[in-house]
Amino acid sequence: MVRSIAVLAWLLACASAMVPPPRGPRRRIPPLRAASGFLASRKNRRRATIAVGAALAASQLQGVARSAGFWVRAMPIWLRYRRVGWLRRCGALDEDEAAAALEALHERAAEDILAAILHMRGAYVKIGQVLSSRPDVIPRAWVEKLSALQDDVPGRGGAVARRAIRRELGAAKAAGLTAGFVDAQIGAAATGQVHRSRVDGRDVCVKVQYPEAERLYRKDLATVRIFLRLLQPEWSPVMAEISRRFLSEFDFRDEQGPVAVTIFERFGAGKQ
């Protein structure tokens, strides 16, 4: 979303270089013409260019920061496991000692992994949910700890949901959908959260997608794929399967029932 706005602003800035400043009185100014008029000034074009650059930089920095955060949290866990393996291979630990060390490490790693997931959220929550049902892939201690993600994903509150609805529908339509809106969510997931509301005298559930969810999902999945390709290639097929499943979950229209269809037709929701 940020990238799309930034590119549009940049195109307007380029186009406005060929548009002379408007002359004469105007009563109504179409938005696109007003933007072109604003950008006709060299000073304003400079300001717009700086704003576009700042928006693009902020978007890129957020992705870099999340990727760095993942590596900072994942590498110590990976290195602790490698250390146990190295000590066993060099004879410093016998088989029983290595097994005991691994059991203790599984418990500690499970705590660290859950804390990292809840801190970073995004695709990491979904990965944790999938892995919690795969005892054939991860240690039992991980399964037990990550199973908390099936029910206990914290939401972001009603204010975030209301802002997302207004951004998607506009203030007028959003007012009709949120008149009976209950701020306390009844459920939350990695991609969004669900609230009760009332429309045309009927109780409904409003599922709201976090505005940045899809963009961050793609970045997070790319980060995990790189990590696995470099350090745990045997897990890459599992991650490829998870990625295919995740990227089909962002169009909530796939979940429509009869009431949902009516609400979509009335309010014109996109992915909300």
Side-chain angles (χ1 to χ4, degrees), residues 1-5 58-59 62-67 69-70 73-74 113-134 145-169 173-174 177-178 181-197 204-225 227-228 238-257 259-261 263-264 267-272:
M1 182 65 179
V2 172
R3 186 185 299 274
S4 301
I5 294 173
S59 176
Q62 185 183 26
V64 170
R66 287 185 65 81
S67 180
F70 170 82
R73 291 170 173 83
I113 291 168
L114 180 60
I117 288 172
L118 292 176
H119 176 78
M120 300 191 69
R121 301 175 66 98
Y124 302 112
V125 172
K126 206 70 175 178
I127 293 172
Q129 290 173 334
V130 173
L131 291 179
S132 70
S133 63
R134 295 293 303 270
K145 187 61 65 173
L146 296 181
S147 63
L149 296 172
Q150 298 293 344
D151 302 311
D152 297 334
V153 179
R156 300 188 187 179
V160 170
R162 288 176 183 273
R163 284 196 298 271
I165 293 171
R166 282 196 299 270
R167 186 183 299 110
E168 180 76 10
L169 303 182
K173 289 184 177 180
L177 184 59
T178 59
F181 193 81
V182 179
D183 282 338
Q185 66 264 6
I186 58 177
T191 56
Q193 56 195 45
V194 181
H195 293 259
R196 289 189 179 89
S197 189
V204 299
C205 290
V206 181
K207 187 173 183 180
V208 181
Q209 186 178 120
Y210 299 136
E212 76 289 355
E214 185 172 1
R215 176 174 57 85
L216 291 184
Y217 255 56
R218 293 182 182 277
K219 291 181 182 295
D220 293 344
L221 292 174
T223 298
V224 176
R225 283 196 297 267
F227 177 86
L228 295 179
V238 176
M239 192 62 216
E241 177 189 346
I242 292 173
S243 298
R244 285 193 296 271
R245 290 172 55 184
F246 285 0
L247 296 178
S248 64
E249 297 187 5
F250 290 99
D251 193 341
F252 290 172
R253 288 171 292 190
D254 292 340
E255 305 176 22
Q256 291 182 32
V259 175
V261 170
I263 293 174
F264 270 74
F267 295 102
K271 292 186 179 182
Q272 298 297 332

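All values reported here derive from a predicted model rather than from experimental measurement. Throughout, numbering of the chain's residues begins at 1 and tracks the sequence.
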Could you give the distance from [atom1] ([X]) to [atom2] ([Y]), rounded to the nearest 0.5 Å?
X: Thr223; Y: Arg218; atom1: OG1; atom2: CZ; answer: 14.0 Å
X: Tyr124; Y: Ile127; atom1: OH; atom2: CD1; answer: 7.0 Å
X: Gln185; Y: Cys205; atom1: CD; atom2: SG; answer: 12.5 Å
X: Lys126; Y: Leu131; atom1: NZ; atom2: CG; answer: 12.5 Å
X: Arg225; Y: Asp220; atom1: CZ; atom2: CG; answer: 10.5 Å
X: Arg244; Y: Met239; atom1: CZ; atom2: CE; answer: 11.0 Å

- Task: Please list, chain by chain and in numerical order, all residues satisfying salt bridge (charged side-chain N to carboxylate O under 4.0 Å, His left out) with Arg196, sequence neighbours excluded.
- Result: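 Arg196: no salt bridge (charged side-chain N to carboxylate O under 4.0 Å, His left out) contacts found.
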Spell out, as yes or no, whether a donor-acceptor pair under 3.5 Å connects the side chain of [X] to the backbone of [Y].
X: Gln129; Y: Leu149; result: yes
X: Gln193; Y: Gly157; result: yes
X: Arg66; Y: Met120; result: yes

Residue pair [X] / [Y], side-chain heavy-atom distance below 4.5 Å:
X: Val224; Y: Ile242; value: no
X: Val208; Y: Arg162; value: no
X: Val194; Y: Lys207; value: yes

- Heavy atoms only: give me the nearest His195-Gly158 pair and the separation to one decimal.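 That closest heavy-atom pairing would be CE1-CA, 3.8 Å.
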- Task: Establish, for the pair Arg156 and Tyr210, whether the NZ or CZ atom is under 6.0 angstrom from the six-membered ring centre and no further than 45 degrees off its axis.
- Result: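 That pair qualifies as a cation-pi contact.
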